[in-house]
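No hydrogens, no waters, no symmetry mates; every other heavy atom, side chains included, goes into these values.
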Amino acid sequence: MTDIRRIGVAARYSDLVMHDGTAYFSGYVPETTLGLSAAEQTRDILGQIEQSLAEIGSDKSRLLQATIWLADIAHYDEMNAIWDAWVVPGQAPARVCVESRLADPDYKLEIQVIAAL
């Protein structure tokens, strides 16, 4: 039986769950860029993701999947300009991007990723 490791466990969710060589992250939202553009919020979130991946010995070249929720699909191109410059060429994860109402009206997006360790 493979062990399951949970980090940042709260009553409702864990920040990260690792199992069988795969890391499942909860959603990332902007921390320092509330009220700023979708591009700035995307940079903020992708920086958080990179830091979290480094902390577990992984990196963005090992991303398997990404789910992106945009508060307004009109920000799709703006977000993609930052995403496209960030993702490792030839190593892009499977990805979905949808419009959705988010938990805080100041969030322009939320990103959740799954990565190989």
Side-chain angles (χ1 to χ4, degrees):
M1 178 179 268
T2 306
D3 288 337
I4 298 172
R5 183 171 171 216
R6 300 175 200 283
I7 297 174
V9 178
R12 193 169 284 151
Y13 66 92
S14 295
D15 290 330
L16 168 64
V17 176
M18 291 182 281
H19 174 260
D20 201 24
T22 304
Y24 303 85
F25 293 88
S26 62
Y28 286 82
V29 294
E31 289 183 344
T32 61
T33 55
L34 289 179
L36 298 181
S37 69
E40 288 303 316
Q41 289 193 10
T42 302
R43 280 189 195 94
D44 179 358
I45 291 169
L46 295 178
Q48 293 175 56
I49 290 170
E50 265 193 273
Q51 181 178 352
S52 293
L53 289 166
E55 288 172 0
I56 61 167
S58 191
D59 63 65
K60 63 185 178 179
S61 73
R62 300 186 55 77
L63 288 175
L64 302 172
Q65 182 180 19
T67 302
I68 302 169
W69 295 272
L70 290 172
D72 185 340
I73 202 70
H75 297 300
Y76 184 76
D77 291 337
E78 183 181 356
M79 177 276 301
N80 271 328
I82 306 307
W83 174 270
D84 292 347
W86 179 80
V87 73
V88 177
Q91 304 290 322
R95 193 186 97 167
V96 64
C97 181
V98 298
E99 181 180 60
S100 178
R101 186 169 26 177
L102 301 177
D104 184 320
D106 290 328
Y107 297 160
K108 291 194 170 38
L109 70 157
E110 181 171 347
I111 302 176
Q112 185 269 335
V113 296
I114 299 170
L117 295 169

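Under the 4.5 Å side-chain heavy-atom criterion for Ile, Leu, Val, Met, Phe, Trp and Tyr, F25 and W86 are members of the same hydrophobic cluster. The hydrophobic cluster containing V113 also contains L70, counting ILVMFWY residues as joined when their side-chain heavy atoms lie under 4.5 angstrom apart, directly or transitively. Under a hydrophobic-cluster definition in which Ile, Leu, Val, Met, Phe, Trp and Tyr are linked whenever side-chain heavy atoms come within less than 4.5 Å, directly or via other members, I82 and Y28 are assigned to the same cluster. Residue I114 is not grouped with residue I49 when hydrophobic side chains (ILVMFWY) are merged at heavy-atom distances under 4.5 angstrom, including chains of intermediate members. Hydrophobic cluster membership is shared by L16 and I45, with clusters built from Ile, Leu, Val, Met, Phe, Trp and Tyr side chains linked at under 4.5 angstrom.
Nearest heavy atoms, D59 versus L53: C-CD1, 3.7 Å. The heavy-atom pair separating E99 from I73 by the smallest distance is OE2-N, 3.0 Å. Taking each heavy atom of L117 and T22 in turn, the nearest pair found is CD1-N, 4.0 Å. Minimum interatomic distance between D44 and E31 (heavy atoms only, all atoms of both residues): OD2-N, 2.7 Å. Contact detail for P93 and Q65: the closest heavy-atom pair is CB-N, 3.6 Å. Summarising the geometry of Q41 relative to P30, their closest heavy-atom pair is OE1-CG, 3.1 Å, with the distance given to 0.1 Å.
The CZ atom of R95 lies 4.0 Å from the CD1 atom of I68; values are rounded to the nearest 0.5 Å. Interatomic distance, CG of D72 versus CE of M79, reported as 12.0 Å (0.5 Å rounding). Put simply, OG1 on T42 and NZ on K108 are 10.0 Å apart, with the number rounded to the nearest 0.5 Å.
Counting heavy atoms from C-beta outward, Q91 and L63 have side chains that stay 4.5 Å or more apart. Side-chain contact check for V98 versus W69: some heavy-atom pair is nearer than 4.5 Å. Residues T33 and R43 are not in side-chain contact: their nearest non-hydrogen atoms beyond the backbone lie 4.5 Å or more apart. Considering only heavy atoms from C-beta on, L102 stays 4.5 Å or farther from V29 through its side chain. No side-chain heavy atom of H75 sits under 4.5 Å from any side-chain heavy atom of L109. Counting only heavy atoms from C-beta outward, the side chains of C97 and W83 never approach each other to under 4.5 Å. Taking the side chain as every heavy atom from C-beta outward, R5 and V17 never approach each other to under 4.5 Å. Residues S14 and I7 have side chains not in contact (no heavy-atom distance under 4.5 Å, counting atoms from C-beta outward).
In terms of modelled atom types and a separation under 3.5 Å, the side chain of T67 and the main chain of Q112 share no donor-acceptor contact.
Qualifying salt bridge (charged side-chain N to carboxylate O under 4.0 Å, His left out) partners for R62, counting only residues two or more places apart in sequence or in other chains: none.
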